[in-house]
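No experiment lies behind these values; they were computed from the predicted model shown.
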Amino acid sequence: MAEVLLVNLATSVIEKVASYAAGEIKLALNHKKELGKLKNSLQAISAVLQDAENRQSANNSLRNWIKDLEDVVYDIDDLLDEVATNALQKKSSQGSFVQANNAMHFFFCCASSQKIRSIRERLDEIGALKRDFQLVTHPLNADNVRLVKTYSFVHEPEIIGREEAKKEILDLVLSIDNESLSDLLVIPVVGMGGLGKTALAKLVYNDDQIAKRFQMKLWVCHSTKFDLKRIIEDIIESGTGESKLMSELEGLQIKLRDLLRGKRYFLVLDDVWNEDANQWAELRNLLASDAGKGSVVLVTTRSARVASIVGNTAAPYNLTDLSFKVCWSIFSRCVFKEGVAQRNPRLIGIGKSMVAKCGGVPLAVKTLGSLLYGERDEAVWWQIHENELWKIDQKAGGIFVALRLSYDRISSHVKPCFVYCSTLTKGAYLYKMDLINRWMAQGLLHPSYKGEELEDVGNRYFEELLSRSLFQEVEFLDDGTVWRCKMHDLVHDLAASIAGEEQIVRYCEKQLVESPQRVRHIRWEAENLSKKELSKEEQQHFKAVGGARTFTFQHCTGKISKSFLKGLISGLKCLRVLDLRGSEFEKLPRSIGQLKHVRYLSLAWNSRIKALPTSTCNLLNLQTFSLYQCKKFGDLPRDIHKLVSLRHLYITSATMTSLPEKGLRGLANLRYLQLNNCEELKTLSEGVGHLTALRRLSILDCPKIASLPNSMRFLRHLRKLILVNCTSLDLMQGYQEGGLGSGPLNGLKSLESLEIVGLPKFEELPEGLGYAASSSLQHLLVNNCPQLTGLPDCLRHCTCLQTLSIWDCPKFCPLPQWFPSLLSLKELKIGACPQLSKSCKHRGHDWPLISHLPRIAIDGQWILWSKFFAKRDLNYLH
């Protein structure tokens, strides 16, 4: 692993040792002494890591020394976690079985002292060898790059320089004589990574002429190894929206033929790698068998061999480098504000030299431009210009020059989070909150001040990576926050190369690795696990990789056997992240309670599981627990209150009628609670009032919930409340006439975002909410509320409101005269509200009340738009 990642791990471990020794966790005296010695040894070694990294490429012995050190640091971290977990267990069980617990604690203390001493001796042996390498000391937290300055996000410039390529491909597609073309036309677009093949395909795909010419448009990205079943599933999903089909190949072929039969379609197969002509022929025959004449498949690939195999009806279209003029235009848009370039002629000279070295690769140019945005220090520009990474042969992998530079300049504490992204499937969406939860589980989030929420730390890290263009295809929620994004394949490759082969392993059933004890993250590729019985050899191999911290499946696997689950849990004792989403089993083994280090557990999309073993409640470190779309799941375990570290809980239930009031009392750390498709849920229970740290509450598709509990008024830290398709919910229940009194929403003093969708009984907001959230509410969305006739008067007090969206409320009347008093309002969106839409249009009755706003959209069309706002905000309408 790269030195900076090891330094981050070592720094984190040293901080833990220091805090434990200082009394944050009650420890025996001998524990404190041993931990003190351990800290001193680790600090002495960590101080030379930077020098070791700089010299390891030419010294195999030094490289092995770093690997040995890394192993010990991981072992120290695991041991410290055991110590903290034991202390947490002792604290949570006070008053119950005291004598037994004291005896167990005494035994643990003795065992821990021996473990600490043993690890310290190993560390000292490694430390003694550092003298042989004559390593030079550097400060542990030295950072060669200045801290990132805050600035507005640099949005992707419009795709330029591909107008001619787009026209040529369109001309080829549109010139086809449907009657004379007897075979499926396949057009391969070939070029190196980062040239813009996908961008070009999107330009063609979204052109109006394509929409008019073809009866169906389909888009499939398949950058992993060739999988006919998965490709067919993706094509069907693109055409119908159906996902998770879980059918056999024969059934999928029939569905595909039915989908394409008689239709002239345009299909994009993006990022194809398969070089097996027989496998391609099999897919091609399926695509051509029942399709209408004139159908076209556009294939993008980096491989000339792939292009020659698939393009038997059309010559490959070779995408060339962009001209220097176009690259300079892209760079200028990313780096310079309007008019600034002319005032910095020296920077222009340096910049042009750097752009020339990007070799016409737009992704490299854009990444470099994002790196230099807002930077006006000429010395910094020269430093990047002269970086030795530029000397790498452009043809061999010049894209990594700019990408690696972008990585090098992100904050050192954010780098491990970037590298961890390589554990996730290439090309898949990265869901922001889920990604932050994984970082949190791995201990990668470090607050910059006491009391900073871990979720806020993760958000800062995410925004920094986003600002460096290391994420792309960003999608936003209605309130403007990021929902999900993707990581370019090349950026993913960069993260994987930094992590090293020993850190992230794409496992399969028979795969072995040279150094299994150094495997830290496992992404399992095997598919059919429904009848998998682990042999003794395979069980031993699971134990050999027992230091792994992540286990996830590459794709949805369907049914998995008890034997596989038990072998996984018994072998991988150090897991922090256990992601079983998309797998199906009826029972989770009782041994799940032995994973004392686990912090992230996802059972999402399991259509068979009905209950959890009571041992699940032994996972005292668990922070994120997902039962999302587990549609047969029943009630939460009785001892759910024991999950004292839980911060994020996602629940789908078939039978649960109420949240367990006693169970909620112990969840004082819960920040996010989402209830989804709980069809029998009638009440949240008054126990919700104990969730005093809750920041987000989402209640989605719970048709029988009739009212919110009165205790909700105690949720004084709640920032976001989302209510969707709760058809029986009446928000006025629990209030006196007019919405005053001590109702459930009257204490929400921190509420920033409120979304109300699909509530047929919603007629008005409680007056008390307007007063409570008057200085906090920034975003309000109301959609599909047929009884709502106007804005509640309580909103006039919400002077911080910035965005207001009103959709599909047919009885909504004109705006109130006090509307201009919402001085912070920047955006108004109205749709499917006939009376309101008419009155708010230019020269309408309400136009004088809203004409001062920067942005106004009515029925999907912007009628007023300020250039101050970013272009990506147009996505909100979609």
Side-chain angles (χ1 to χ4, degrees), residues 88-96 437 440 451 453-455 599 601 612 614 616-627 633-653 656-676 678 680-700 702 705-723 726 729 731 733-735 741-752 754 766 768-769 772-773 776:
L88 186 61
Q89 191 171 20
K90 189 171 186 292
K91 181 179 179 181
S92 65
S93 61
Q94 282 178 349
S96 304
N437 288 343
M440 187 193 309
E453 292 279 329
L454 290 176
E455 290 79 6
R599 285 159 167 78
L601 175 59
L612 296 171
T614 56
T616 307
C617 299
N618 295 334
L619 304 176
L620 300 185
N621 286 312
L622 191 64
Q623 297 169 330
T624 301
F625 189 22
S626 178
L627 293 161
F633 183 74
D635 292 330
L636 293 171
R638 182 183 59 185
D639 293 334
I640 190 74
H641 63 278
K642 292 183 178 180
L643 300 180
V644 293
S645 300
L646 197 62
R647 301 175 73 96
H648 295 251
L649 179 59
Y650 305 86
I651 306 172
T652 297
S653 172
M656 184 172 62
T657 58
S658 171
L659 292 177
E661 185 166 349
K662 179 183 176 183
L664 297 179
R665 291 178 184 174
L667 306 184
N669 283 312
L670 198 67
R671 265 65 170 180
Y672 284 60
L673 175 60
Q674 178 172 311
L675 305 170
N676 184 278
C678 298
E680 298 299 322
L681 187 70
K682 297 178 180 178
T683 177
L684 301 185
S685 88
E686 293 296 332
V688 167
H690 296 290
L691 306 179
T692 53
L694 200 66
R695 296 171 56 168
R696 173 170 171 165
L697 174 60
S698 301
I699 308 174
L700 315 172
C702 298
I705 187 167
S707 63
L708 299 176
N710 207 39
S711 62
M712 268 188 65
R713 68 184 189 275
F714 298 120
L715 305 183
R716 301 189 184 277
H717 295 288
L718 191 70
R719 295 184 185 177
K720 190 167 187 175
L721 176 60
I722 301 176
L723 306 170
C726 299
L729 182 59
L731 293 181
Q733 280 199 28
Y735 286 93
S742 57
L745 303 180
N746 285 17
L748 307 185
K749 295 183 177 181
S750 300
L751 191 67
E752 297 174 356
L754 176 61
L769 174 62
S776 62

Self-check item: Separation of Ser685 OG from Glu661 CD (nearest 0.5 Å)
Solution: 5.0 Å
Self-check item: Heavy-atom pair with the smallest gap, counting every atom of Leu751 and Ser776
Solution: O-OG, 2.7 Å
Self-check item: Ile705 and Thr683: CA distance, side-chain angles, deciding distance, side chain to side chain contact (heavy atoms under 4.5 Å, CB included) verdict
Solution: CA-CA 5 Å; Ile705 187 167; Thr683 177; 5.6 Å; no
Quiz item: Excluding sequence neighbours, so at least two apart, what forms ring pair (Phe, Tyr, Trp, His ring centres under 6.0 Å) with Phe714?
Solution: none
Quiz prompt | CD1-CD1 distance between Ile699 and Ile722, expressed to the nearest 0.5 angstrom | solution = 10.5 Å
Quiz prompt | Between CG on residue Leu700 and CG on residue Asn676, distance to nearest 0.5 Å | solution = 5.0 Å
Practice problem: Sort out for me which residue in Leu723, Leu708, Leu673 forms a side chain to side chain contact (heavy atoms under 4.5 Å, CB included) with Leu697. | Solution: Leu673
Quiz prompt | Check against side chain to side chain contact (heavy atoms under 4.5 Å, CB included), Leu646 and Asn669 | solution = CA-CA 6 Å; Leu646 197 62; Asn669 283 312; over 6 Å; no
Quiz item: Taking atom CD of Glu752 and atom CZ of Arg719, what is their separation to the nearest 0.5 Å?
Solution: 5.5 Å
Practice problem: Please report the C-alpha distance between Thr624 and Tyr650 in whole Å, then the side-chain angles of each, then the deciding distance to 0.1 Å, and finally whether the side chain to side chain contact (heavy atoms under 4.5 Å, CB included) criterion is met. | Solution: CA-CA 8 Å; Thr624 301; Tyr650 305 86; 4.3 Å; yes
Quiz item: SG/Cys617 to CG/Leu612 distance, rounded to the nearest 0.5 angstrom?
Solution: 8.0 Å
Practice problem: Compare every heavy atom of Tyr672 with every heavy atom of Leu694, then report the nearest pair and how far apart it is. | Solution: CD1-N, 3.9 Å
Quiz prompt | Side-chain heavy atoms of Leu745 within contact of Arg713, under 4.5 Å | solution = no
Quiz item: Are any of the side-chain heavy atoms of Met656 and Ile651 separated by less than 4.5 Å?
Solution: yes
Quiz item: Where do Gln623 and Asn437 land on the side chain to side chain contact (heavy atoms under 4.5 Å, CB included) test, with the steps shown first?
Solution: CA-CA 8 Å; Gln623 297 169 330; Asn437 288 343; over 6 Å; no
Self-check item: Minimal non-hydrogen separation, Leu684 against Leu664, with atom names
Solution: O-CD1, 4.2 Å
Quiz item: Is the shortest heavy-atom distance from the side chain of Leu715 to the side chain of Thr692 under 4.5 Å?
Solution: no
Quiz prompt | Whether Ser750 side chain and Arg716 backbone form a donor-acceptor pair below 3.5 Å | solution = yes
Self-check item: Side-chain H-bond candidate by donor/acceptor type, His648 with Glu455, under 3.5 Å
Solution: yes
Quiz item: Do any pairs count as a salt bridge (Lys or Arg N to Asp or Glu O under 4.0 Å) and have a residue in residues 665-674, sequence neighbours left out, and if so which ones?
Solution: Glu453-Arg671
Self-check item: Nearest heavy-atom neighbours spanning Cys678 and Leu675
Solution: SG-CB, 4.3 Å
Quiz item: What distance separates Leu691 CG from Leu649 CG, expressed to the nearest 0.5 Å?
Solution: 9.5 Å
Quiz prompt | Glu686 and Ser711: side chain donor to acceptor below 3.5 Å | solution = yes
Contacts table for residues 633-645: side-chain donor-acceptor under 3.5 angstrom, sequence neighbours left out:
{"residue": "Ser645", "atom": "OG", "partner": "Leu620", "partner atom": "O", "Å": "2.7"}

Quiz item: So which heavy atom on Met712 is nearest to which on Val688, and how close?
Solution: CG-CG1, 4.0 Å
